[in-house]
A.B. asks: 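Handing you a structure now.
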2 protein chains.
Amino acid sequence: MTGAPTVADAEVSRSLRAAGLRVTAPRLAIMAWLAEHPHSTADAIGVGVRERLGSVSTQAIYDVLGVCTAAGMLRRIEPAGHPARFERRVGDNHHHLVCRGCGHTDDADCAVGTRPCLTPSDHHGFAVDEAEVVFWGLCPSCLTAGEPAHRTTNHEEARQ
Amino acid sequence: MTGAPTVADAEVSRSLRAAGLRVTAPRLAIMAWLAEHPHSTADAIGVGVRERLGSVSTQAIYDVLGVCTAAGMLRRIEPAGHPARFERRVGDNHHHLVCRGCGHTDDADCAVGTRPCLTPSDHHGFAVDEAEVVFWGLCPSCLTAGEPAHRTTNHEEARQ
DNA sequence: CTGCTTGACTTGACTCATTCCAGATAGTGC
DNA sequence: GCACTATCTGGAATGAGTCAAGTCAAGCAG
């Protein structure tokens, strides 16, 4: 939470170097933020990171997210109609629950054993390399609220 | 293809009236276009419809698509990183193959019988009402092209 | 420790899909 | 045929994300 280096930071540094990337304050801060707040939007990450580092350009946020996603350190989720979200849980192919109301996103391990849907019956000649599953519904708070009351971009994300 | 009313038009008119919607030229033209060109983008639909009717505002396109989607006559697909696409095949919950290169979309019936993934193992309190499955890969033409050569928005869509 | 090289960050303009607004037009029920 | 109002037109605006040019600093060689 403070700006002090942590054990987690050291781990991130190692991953960054392993990927041939430089270790910079914005990168450490973004990865640290995502460790605490998975499924954050680029915008929410920007807010969180600026709280720690003072000022970071939006462009830097997008750049870091793009580079780390390309390096396989992050996974990008883009629910239809909502801005992209990022998470550090990579490698397994777990899926996601997305709230139609507020866009809140949660992990969902696949129901039917391992990768149940990775083989469509008719692939039309496509070379399929990934099956993405999104479960749409309403999150607990939107359910109790009846109406999706907190449609604000990501207040609750920032403190989730 | 011509502007002449067809049997299909009559069917669409019925559905529109059943939904309490007015029957207008843009609506018939859009539904007719989608019958021949499923998975078209709003933009491609606009081009196609203007070829038949002369001039239709972008706004009308989006309005018709929105209204018909709300009425359950159309289904909207929004692959991450690509503009939304629309199709008339509704009611069944089939899934989609999306090309990472050109965005070309095709239908895929789910491999594991009916709605295999509709029950995530851990729903985190979400009230899930739909499971959306997208198979990502490369379409035949992008495969043979090696590189996704035809990245143009939707030329090939318009003549698919 | 110092200076250099090149990858990373800043700033600001821009694209693209989509939506909002106000006013004109044209389906539908009477 | 007429009135009512849903629907369409045109133009401007929004929000997420990208591009480009220039400045800065991480990390290596000396």
Side-chain angles (χ1 to χ4, degrees), chain A residues 5 9 12-14 16-31 40-47 49-50 52-71 73 76-86 103 151-154 157, chain B residues 5 9 12-31 40-47 49-50 52-71 73-74 76-86 103 151-154 157:
Chain A
D9 280 349
V12 171
S13 301
R14 219 173 306 131
L16 284 168
R17 291 217 174 80
L21 300 169
R22 289 185 184 170
V23 178
T24 66
R27 289 177 179 188
L28 292 177
I30 287 175
M31 292 305 272
S40 291
T41 60
D43 193 54
I45 294 168
V47 171
V49 166
R50 278 182 206 106
R52 300 186 196 199
L53 299 185
S55 104
V56 183
S57 70
T58 305
Q59 199 44 229
I61 305 287
Y62 278 103
D63 186 36
V64 172
L65 292 173
V67 160
C68 290
T69 302
M73 296 173 63
R76 178 180 190 145
I77 322 158
E78 293 178 68
H82 295 277
R85 283 156 188 273
F86 297 84
R151 254 246 137 134
T152 48
T153 323
N154 33 37
E157 300 307 309
Chain B
D9 280 349
V12 170
S13 302
R14 220 173 305 133
S15 314
L16 284 168
R17 290 219 174 77
L21 299 169
R22 289 184 182 170
V23 178
T24 66
R27 288 175 182 190
L28 292 177
I30 287 174
M31 293 305 272
S40 292
T41 60
D43 192 54
I45 294 168
V47 171
V49 166
R50 279 183 205 106
R52 300 186 195 200
L53 299 185
S55 104
V56 183
S57 69
T58 304
Q59 199 41 230
I61 306 288
Y62 278 101
D63 186 37
V64 172
L65 292 173
V67 161
C68 290
T69 302
M73 296 173 63
L74 289 181
R76 178 181 190 144
I77 321 158
E78 293 179 67
H82 295 277
R85 282 153 188 275
F86 297 83
R151 252 249 139 130
T152 47
T153 323
N154 35 36
E157 300 307 309

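This structure is a prediction, so every number in the text was calculated from the model and none was measured. Letters A, B, ... are given to chains in the order of the sequence lines, protein chains preceding strands, and every chain is numbered from 1.
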A.B. asks: Within the 4.0 Å limit for protein heavy atoms, which parts of nucleotides 17-30 of chain D are touched? Write it as a string from 5' to 3', B for base, S for sugar-phosphate only, - for none.
C.D. replies: SBBB----BBS---

A.B. asks: I'd like to check the side-chain contact (heavy atoms from CB on, under 4.5 Å) partners of B/Ser15; sequence neighbours left out, ordered by chain and number.
C.D. replies: B/Met73

A.B. asks: In terms of the nearest nucleotide of DNA chain C, which residue is placed more toward the 5' end: B/Phe86 or A/Ser55?
C.D. replies: A/Ser55

A.B. asks: Write down the distance between CD1 (A/Ile61) and P (C/dC9), rounded to a whole number of angstrom.
C.D. replies: 9 Å

A.B. asks: Quick one: list whatever passes side-chain contact (heavy atoms from CB on, under 4.5 Å) with A/Ala19, sequence neighbours left out.
C.D. replies: A/Leu21, A/Ala71

A.B. asks: Heavy atoms only: give me the nearest B/Leu28-B/Ser13 pair and the separation to one decimal.
C.D. replies: CD2-OG, 3.8 Å

A.B. asks: Assign B/Val56 to base, sugar-phosphate, or nothing according to its heavy-atom contacts below 4.0 angstrom with the strands shown.
C.D. replies: sugar-phosphate

A.B. asks: For B/Arg76, check salt bridge (charged side-chain N to carboxylate O under 4.0 Å, His left out) against everything at least two apart and list the hits.
C.D. replies: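 For B/Arg76, the residues satisfying salt bridge (charged side-chain N to carboxylate O under 4.0 Å, His left out) (neighbours in sequence not counted) are B/Glu78.
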
A.B. asks: Just how far, in rounded Å, is P of C/dA17 from CD1 of B/Ile45?
C.D. replies: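 To the nearest whole Å, that distance equals 13 Å.
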
A.B. asks: Taking all atoms of both residues into account, what is the closest heavy-atom pair of A/Pro26 and A/Val56, and its distance?
C.D. replies: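 Scanning both residues completely, I find the closest heavy atoms to be CB-CG1, 4.4 Å.
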
A.B. asks: List for me each residue that meets side-chain contact (heavy atoms from CB on, under 4.5 Å) alongside A/Ala70, sequence neighbours excluded, and say none if there are none.
C.D. replies: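 Here no residue qualifies.
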
A.B. asks: Stem list for DNA chain D, please, built from Watson-Crick and G-U wobble pairs under 3.5 Å and keeping only runs of at least 3.
C.D. replies: C:1-30 with D:1-30

A.B. asks: How many Å lie between CG on B/Leu53 and P on D/dT7, as a whole number?
C.D. replies: 17 Å

A.B. asks: Between B/Thr58 and B/Arg50, does a side chain to side chain contact (heavy atoms under 4.5 Å, CB included) hold up when you go through it step by step?
C.D. replies: CA-CA 10 Å; B/Thr58 304; B/Arg50 279 183 205 106; 3.5 Å; yes

A.B. asks: Just jot down the side-chain hydrogen bond (donor to acceptor under 3.5 Å, both in side chains) partners of B/Gln59, sequence neighbours excluded, or say none.
C.D. replies: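 Listed in chain order: nothing, the list is empty.
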
